[in-house]
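FYI, the numbering just counts along the sequence from 1. Both counts, for ligands and for their atoms, begin at 1 and track the order of listing.
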Amino acid sequence: MDRFINCDCIIRSDIMGFRIILLGPPGSGKGTQAEKLNDDLGLIRLSTGDMLREAVRDKTALGMMAKEYMDKGALVPDDVVIGLMREKITSLKEGFVLDGFPRTVQQADALSEFVDIDHVINLDVDDEELVSRLTKRRSCPDCNVVFHLLYKPPMKDGICDKCGAALYQRSDDTEGTVRERLKVYRENTFPLIEYYDKKGKLVDIDGSGDINEIYEAIEASL
Ligand code: AP5
């Protein structure tokens, strides 16, 4: 294994160029773990959800169209998301972690045409735990870091630890919409577990329990 010393810690330099997909249902911790992979290893985090929410906030044509789907907990059409990600991914030279893409077999097939993926991490969490996590999540609109009122509270109530912006609750984090998102996940995204398993790229990680221990399990699997 290729290692080098950086400050007082040992970093695996082989991981830093990896192209990783984080799979898992809504609330399984994809964003939380992608943020840690970015902080620790410098992997660029590409979140389709964050990109679409930014477009909604900026009231772009993409945002106005995507909002209709996102508010209902439905998926934005494949061709739109594929176009967005193709442009982002093909312009990258560094390693990256995909959070929320691909989400359908059509998106996975398209992705395979423009990049080779090294690892696919599947985070597995029980449905009732997911509902509890999402309805108590608070998100930063500026740097996209996520908090949880019980499990990962911000140091100062309602304020992002990282950038100081006021936290908000996502409009799709109500119980009804979360349950719809879980249904959409089972129908459209769950088949990707078998899809990547057949390609020999899938690693299953238990996504319940301590955030840092889950991160360690992910890093050890790479
Ligand atoms: P997106 O933003 O991707 O939402 P999602 O997949 O539903 O995932 P979430 O962001 O809700 O959860 P997460 O797994 O990142 O969990 P997190 O780390 O935040 O997509 C939103 C919408 O955009 C979609 O519904 C769709 O409309 C559209 N869209 C996006 N991508 C698309 C695509 N490819 N194709 C088509 N449409 C697309 O954690 C959740 C909470 O739990 C947080 O509060 C966190 O602090 C807490 N937490 C995390 N880990 C733990 C732990 N181990 N223990 C306790 N709490 C924890």
- Residues passing the salt bridge (Lys or Arg N to Asp or Glu O under 4.0 Å) test with Asp71, sequence neighbours excluded, are Lys67

- Six-ring centre of Tyr69, Lys72 cation under 6.0 angstrom, axis tolerance 45°: yes

- What residues, two or more places apart in sequence or in another chain, satisfy side chain to side chain contact (heavy atoms under 4.5 Å, CB included) together with His119? Phe18, Ile20, Leu222

- Item | Counterpart residues, side chain to side chain contact (heavy atoms under 4.5 Å, CB included), relative to Leu84 (two or more places apart) | Met51, Leu52, Leu62

- Can Tyr196 and Asn122 be counted as having a side-chain donor-acceptor contact under 3.5 angstrom? no

- Pair Ser208, Asp206: side-chain N/O donor-acceptor within cut-off below 3.5 Å: yes

- Note on the structure: Expected contact list for ligand 1 at under 4.0 angstrom, heavy-atom basis, is Pro25, Pro26, Gly27, Ser28, Gly29, Lys30, Gly31, Thr32, Thr48, Gly49, Leu52, Arg53, Met70, Ala74, Leu75, Val76, Val81, Gly100, Phe101, Arg103, Gln107, Arg133, Leu134, Arg137, Val146, Phe147, His148, Tyr151, Arg170, Asp172, Arg181, Gly207, Gly209, Ile211, Ile214

